[in-house]
Amino acid sequence: MIHGGRNHVLDPKEQLDILLEDVVEAIKEDELLEKLERACREERPLRVKQGFDPSAPDLHLGHAIGLRKLKQFQELGHTVVVIIGDYTGMIGDPSERAETRPRLTHQEVTEHAKTYQEQLYKIVDPARTEVRMNGEWFSQMSFADVMDLAGRYTVARILERDDFARRFQNQQPISIHELFYPLMQGYDSVAIRADVELGATEQKFNCLVGRELQKAYDIEPQIVMLLPVLEGTDGVKRMSKSTGNYIGIAEAPREIYGKTMSIPDSSIPRYFELGVGLKGRELAAVRDRLESPEENPRDLKRELARRLVSLYYDEQEARAAEEEFDRVFRKRGLPDEIPEPSIELRGQEDRSAVWIVPLLKAAGLVKSNGEARRLIQQGGIRVDGEQVTDVDYTVSLDRPLLLQAGKRRFARALPDRVRLLQEDA
RNA sequence: GGGGGGGUUCCCGAGCGGUCAAAGGGAACAGACUGUAAAUCUGUCGGCGAAGCCUUCGGAGGUUCGAAUCCUCCCCCCCCCA
């Protein structure tokens, strides 16, 4: 994973060309070139920042776009500074207005940070990475410091942000601390003296505030590099953990493979481009093949899924994931690993005639007896491969049983993992 | 500080004394069809061994044979005026 710096071989102009690949917008390119030239001249690597929200510590394909760019910087000899927004996380994110998010405890934040690092280093070189939590500086600020920070920006400028502007226009509430978020993110850049900040296009405003704040603190302003946003597996909304439409880079190979197979056809080129990192002629070839009547889009998607698994594991895992996928979903076979939960049943006396409904619940395949009944009525339950049609069906637990709910949920009921409990007296 | 409008099941949103476990839509889940694609169709979508019963409509009380619906107090949100 570790790559030696190539900055000795590449001159600033060449670096710039590489760094601007796949970038939607860079503010400003000429300043970036100047910074690169100086870095080269003074042999002082640039500090390249990207921030992450600590509330959802699973990095996904969307994050990977930025991470790959960070890695490019590293390969050119620069330093990456990853900011984990623990302080903002402990306050609670105001942008999700519907539910007040539970504030994270310090311990949770620390654990999340650890998870982040592990996942981060699947792509980024740890030797050239600083991971910083912004509580490091925010927790040290006094109210006077906060007022000082607030005094360096104006309401009018904050209200330029389109969502604030819209809410203001529509007379919807904006709480004061929300206005602070861009300032806080921007101050991170001041605190770590960022030369470059990476962000998705929707981060444009916040990143630019960083630039302005740096000027206000008499620091050379950072370059803002905006990267494209990848849509989630639903093909519509931006990939994010909270929407549940994400493919995590630390997920098991079969999950990555399976989730990829569920994306709509229309997203295939985008995933090749932003997920795999394909470009130019190869990407054009993918588009052509998708158009071609000869080609079944499914096969293109299989290739995509294999490549994504290969990226985060290896080709062997990719092949294994594909085989398993074919077996489970195309041939309706069984996955490699089937959970064997310990099962505790109440009110069942005879092991040789256990009612199926509570058994499914105890095995963790359904949430309630009602759900079990529903699935049976809808033909979604199988025992040893046989569809169960009778809600009153009973099974013998004297030997292992294979339970299946829907297409994806499997569990094995093993006799020695089953306990019959007395009904509560 | 004054006036007005709201808080309904995962989300949006109807209901405004019994026929309400609560319309409609979305999401989700299952089934059919498939390529775990899209589109479509069907069904389900609080809990209970399912009969009926229990818990749900911001919170606590109250009126009533009966309350999501009426009253009182409280909490929260939004708008207008100051």
Side-chain angles (χ1 to χ4, degrees), chain A residues 94 96-100 167-175 178 231-237 240 242-245 247 251 253-272 286 289-306 308-309 321-335 345-350 353-362 365-382 387-395 403-410 420 423-424:
Chain A
E96 313 283 315
R97 302 204 319 121
E99 81 252 38
T100 29
R167 282 161 66 185
F168 191 68
Q169 182 73 36
N170 297 341
Q171 298 180 309
Q172 286 169 337
I174 303 171
S175 52
E178 286 182 82
E231 70 262 26
T233 50
D234 57 346
V236 181
K237 295 197 207 85
S240 91
S242 52
T243 320
N245 61 358
I247 301 178
E251 287 192 90
R254 62 168 167 280
E255 290 298 318
I256 296 181
Y257 192 97
K259 285 186 178 184
T260 304
M261 289 306 283
S262 76
I263 67 167
D265 290 356
S266 53
S267 289
I268 293 176
R270 199 101 176 123
Y271 271 67
F272 265 107
V286 166
R289 284 171 61 192
L290 193 59
E291 297 289 304
S292 158
E294 317 275 290
E295 188 102 26
N296 185 339
R298 180 200 56 196
D299 298 321
L300 205 51
K301 208 150 78 175
R302 286 165 69 85
E303 192 180 319
L304 172 67
R306 277 199 306 275
L308 284 172
V309 177
E322 182 161 273
E323 275 168 30
E324 173 158 342
F325 178 85
D326 286 350
R327 189 169 66 240
V328 177
F329 293 105
R330 298 180 74 191
K331 297 175 193 149
R332 294 273 174 111
L334 298 177
L345 284 165
R346 284 177 195 282
Q348 301 287 312
E349 274 138 41
D350 185 359
V354 170
W355 188 31
I356 185 73
V357 166
L359 176 63
L360 290 166
K361 185 171 142 195
L365 289 173
V366 297
K367 287 203 248 352
S368 67
N369 288 6
E371 188 184 347
R373 283 168 182 281
R374 256 173 255 138
L375 285 173
I376 291 169
Q377 279 157 6
Q378 295 178 143
I381 296 294
R382 288 170 188 272
Q387 191 175 60
V388 175
T389 51
D390 178 8
V391 171
D392 295 320
Y393 191 74
T394 60
V395 295
L403 306 173
Q404 182 180 0
K407 283 176 194 148
R408 295 201 59 162
R409 282 171 281 164
F410 294 90
L420 300 190
E423 198 86 66
D424 282 352

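Nothing here was measured: the structure is a model prediction, and the numbers come from that model. Lettering follows sequence order; numbering is per chain, from 1.
The side chain of A:Arg330 approaches B:rU36 more closely than any other nucleotide in the set B:rG47, B:rA37, B:rU36. In this structure, of B:rU34, B:rC29, B:rU36, it is B:rC29 that holds the atom nearest to the side chain of A:Leu375. With B:rU36, B:rA50, B:rC29 as the candidates, the nucleotide lying closest to the side chain of A:Arg409 is B:rC29. Closest to the A:Arg374 side chain, of the nucleotides B:rA37, B:rU34, B:rU44, is B:rU44. Distances were taken from every side-chain heavy atom of A:Lys407 (C-beta onward) to each of B:rU36, B:rG35, B:rG31; the shortest belongs to B:rG31.
Taking CG from A:Leu304 and CG from A:Leu308, the interatomic distance works out to 4.5 Å, rounded to the nearest 0.5 Å. One finds the CG atom of A:Leu365 at 7.0 Å from the CD1 atom of A:Ile381 (value rounded to the nearest 0.5 Å).
Under the Watson-Crick and G-U wobble criteria, each requiring two contacts below 3.5 Å, nucleotide B:rU72 is paired to B:rA60. Nucleotide B:rU40 has B:rA32 as its partner under the Watson-Crick or G-U criteria, with both atom distances under 3.5 Å. Pairing for B:rU55 is absent, with no Watson-Crick or G-U wobble pair whose two atom distances lie under 3.5 Å.
Within the nucleic acid shown, A:Ile381 has no heavy atom closer than 4.0 Å to any nucleic acid atom. Within 4.0 Å of A:Lys237, counting heavy atoms only, lies no atom of the nucleic acid at all. Residue contacts for A:Gly379: at a heavy-atom cut-off of 4.0 Å it reaches the sugar-phosphate backbone alone, with no base atom in range. Heavy atoms of A:Pro297 sit under 4.0 angstrom from at least one base atom. Across all strands shown, A:Arg373 has heavy atoms under 4.0 Å from base atoms, whether or not it also approaches the sugar-phosphate.
As a whole-Å value, the separation of A:Leu365 CG from B:rC29 C1' is 14 Å. Whole-Å rounding puts the A:Asn369 CG to B:rC45 C1' distance at 16 Å. Nucleotide B:rA28 holds its P atom 13 Å from the NZ atom of A:Lys367, rounded to whole Å. One atom, CZ of A:Arg298, and another, C1' of B:rC33, lie 16 Å apart when rounded to the nearest Å. One atom, CD of A:Gln378, and another, P of B:rA28, lie 16 Å apart when rounded to the nearest Å. For the pair A:Tyr271 OH and B:rU36 P, the computed distance is 17 Å after rounding to whole Å. The NZ atom of A:Lys301 sits 12 Å away from the P atom of B:rG35 (whole-angstrom rounding). Look at CG on A:Asn245: it is 13 Å from C1' on B:rA27, rounded to the nearest Å.
For the pair A:Gly380 and A:Arg254, nearest-nucleotide mapping onto RNA chain B gives the more 5' position to A:Gly380. Comparing A:Thr394 and A:Tyr257 by the nucleotide of RNA chain B that holds the closest heavy atom to each, the one mapping nearer the 5' end is A:Tyr257.
Considering all non-hydrogen atoms of both residues, A:Glu231 and A:Tyr271 come closest at O-OH, 2.9 Å.
Atom name P, nucleotides B:rA27 and B:rG15: the rounded distance is 24 Å, in whole Å. Comparing B:rG13 with B:rU9, their P atoms are spaced 11 Å from each other, to the whole Å. Taking the C1' atom of each, B:rG46 and B:rA37 are spaced 34 Å apart, rounded to whole Å. Using P as the reference atom, B:rC57 and B:rA67 are 13 Å apart when rounded to the nearest Å. Nucleotides B:rC70 and B:rG5, compared at atom P, are 13 Å apart to the nearest Å. With P as the reference atom, B:rU40 and B:rG58 are 35 Å apart, rounded to whole Å. Rounded to the nearest Å, the gap between the P atom of B:rC80 and that of B:rU19 is 39 Å. Spacing of C1' atoms, B:rG62 relative to B:rU69, comes out at 15 Å, to the nearest Å.
A donor-acceptor pair is defined here as one N or O able to donate and one able to accept, closer than 3.5 Å; such a pair exists between the side chain of A:Asn245 and the backbone of A:Lys237. In terms of modelled atom types and a separation under 3.5 Å, the side chain of A:Arg330 and the main chain of A:Phe325 share no donor-acceptor contact. The closest donor-acceptor contact from the side chain of A:Gln387 to the backbone of A:Gly379 lies under 3.5 Å.
Applying the 3.5 Å distance criterion, the base of B:rG49 shares a donor-acceptor pair with the side chain of A:Gln348. For a distance-only test at 3.5 Å, the side chain of A:Asp299 fails to qualify as a donor-acceptor partner of the base of B:rG35.
Under the side-chain contact (heavy atoms from CB on, under 4.5 Å) test applied with A:Val357, the options A:Thr394, A:Asn369, A:Asp392, A:Leu375 reduce to a single match, A:Asn369.
A:Arg408 and A:Glu255 are joined by a salt bridge, as a carboxylate oxygen and a charged side-chain nitrogen come within less than 4.0 angstrom of each other.
Phosphate contact (OP1/OP2 of B:rG35, side-chain N/O of A:Asn296, threshold under 4.0 Å): absent. Taking only side-chain nitrogens and oxygens, A:Lys361 comes nearer than 4.0 Å to OP1 or OP2 of B:rC48. Proximity of A:Ser368 to the phosphate of B:rG47: a side-chain N or O atom is located under 4.0 Å from OP1 or OP2.
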